[in-house]
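Here the structure is laid out as structure tokens; the discussion comes afterwards.
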Amino acid sequence: MPEIPEIETVRYHLEQKLQGQVISAVTVNREKALNVSTGDFSSAIVNQQVSTIGRRAKQIIISLANGYSLVVHFMLEGYVRLFYNHEEIQATPSVSLVLASGEKLAFYKLNLGYLHLVPGSDFASMPELAGLGPEPLSAEFSLAFFLNLLAKRKGMIKPLLMDQEFLAGIGNVYSNETLFCSRIRPERKTSQLTAEERTNLYYCIRDILTRAIKLGGVYEEKFTSDDTLTGGFEPHLQVAYRTGKPCYICGTLIETKRVGGRNAFYCPVCQR
Ligand SMILES: [Zn+2]
């Protein structure tokens, strides 16, 4: 599932290519991905200009000039692609938009994911975004703020980092990477982390997410045919999906085990 760096990369691309454009037609092949009928969806967005592209946790919010917004959640396998004028839409998207420029925006594999039409552009009022924890890259997410959040927690650290009510937008890849960066084993009890480990974890979360965004995350699906940004962080992964490969720091083979129902990847020597 895409996490903050992947969604932020999509948001950046949408801002470059979609912002300011007018939607001239809509095709819905999977009405279940919507929260309204195809007719209501079309009449709310056709002939509307895209004003801003936002992100909250793992969701993208496309706001339109008429006040409506589209909330997109890709869940496990969804993705979005933009096709230039001379390109045809490939395969069958769940939902596609034709833009006044002649470009096409296609949302694929919204099987578990969705594209919801909501009134307004205020994130706080959107039910899709309710109950989410703080954004780890926001200004309010200071070291003191994080230490205070952690102080109340007792369970294993890796599932906690992935808990969207604790912290928004981190999933399996970046929980593994931030724990390697801070030299903490994924199954460690949060209550037993030292003060130094807690501080390291904070800086690792901020640093890794920031670097991953800069390098385009690890998403496999390119946004356009000439997209050279998406997926650029993949060669920089230290432990995620590297089972049996040598640790870049100590050479020990990376191991994996189930922690909180998900695969944890870690170096048995570097992480304690
Ligand atoms: Zn190591």
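All ligand and atom numbering here is 1-based and tracks the order in the structure. Just so it is clear, the structure is predicted and the values come from calculations on it, not from any experiment.
With hydrophobic clusters built from ILVMFWY side chains whose heavy atoms lie under 4.5 angstrom apart, I170 shares a cluster with V173.
Counted within 6.0 Å of OH on Y12, heavy atoms from surrounding residues, nucleotides or ligands total 12 or fewer; the atom is thus considered open.
C267 has its SG atom at least 2.5 Å from the SG atom of C247.
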### Derivation of the ring-ring contact (aromatic ring centres under 6.0 Å, His included) call for F146 and F141
CA-CA 7 Å; F146 179 65; F141 191 75; 5.6 Å; yes
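Residues passing the ring pair (Phe, Tyr, Trp, His ring centres under 6.0 Å) test with F223 are H13, sequence neighbours excluded.
Atoms of the protein (N, O or S only) found under 2.8 Å from the Zn ion (ligand 1) are C247 SG, C250 SG, C267 SG, C270 SG.
Of the N and O atoms on the side chains of Y84 and D226, at least one donor lies less than 3.5 Å from an acceptor on the other residue.
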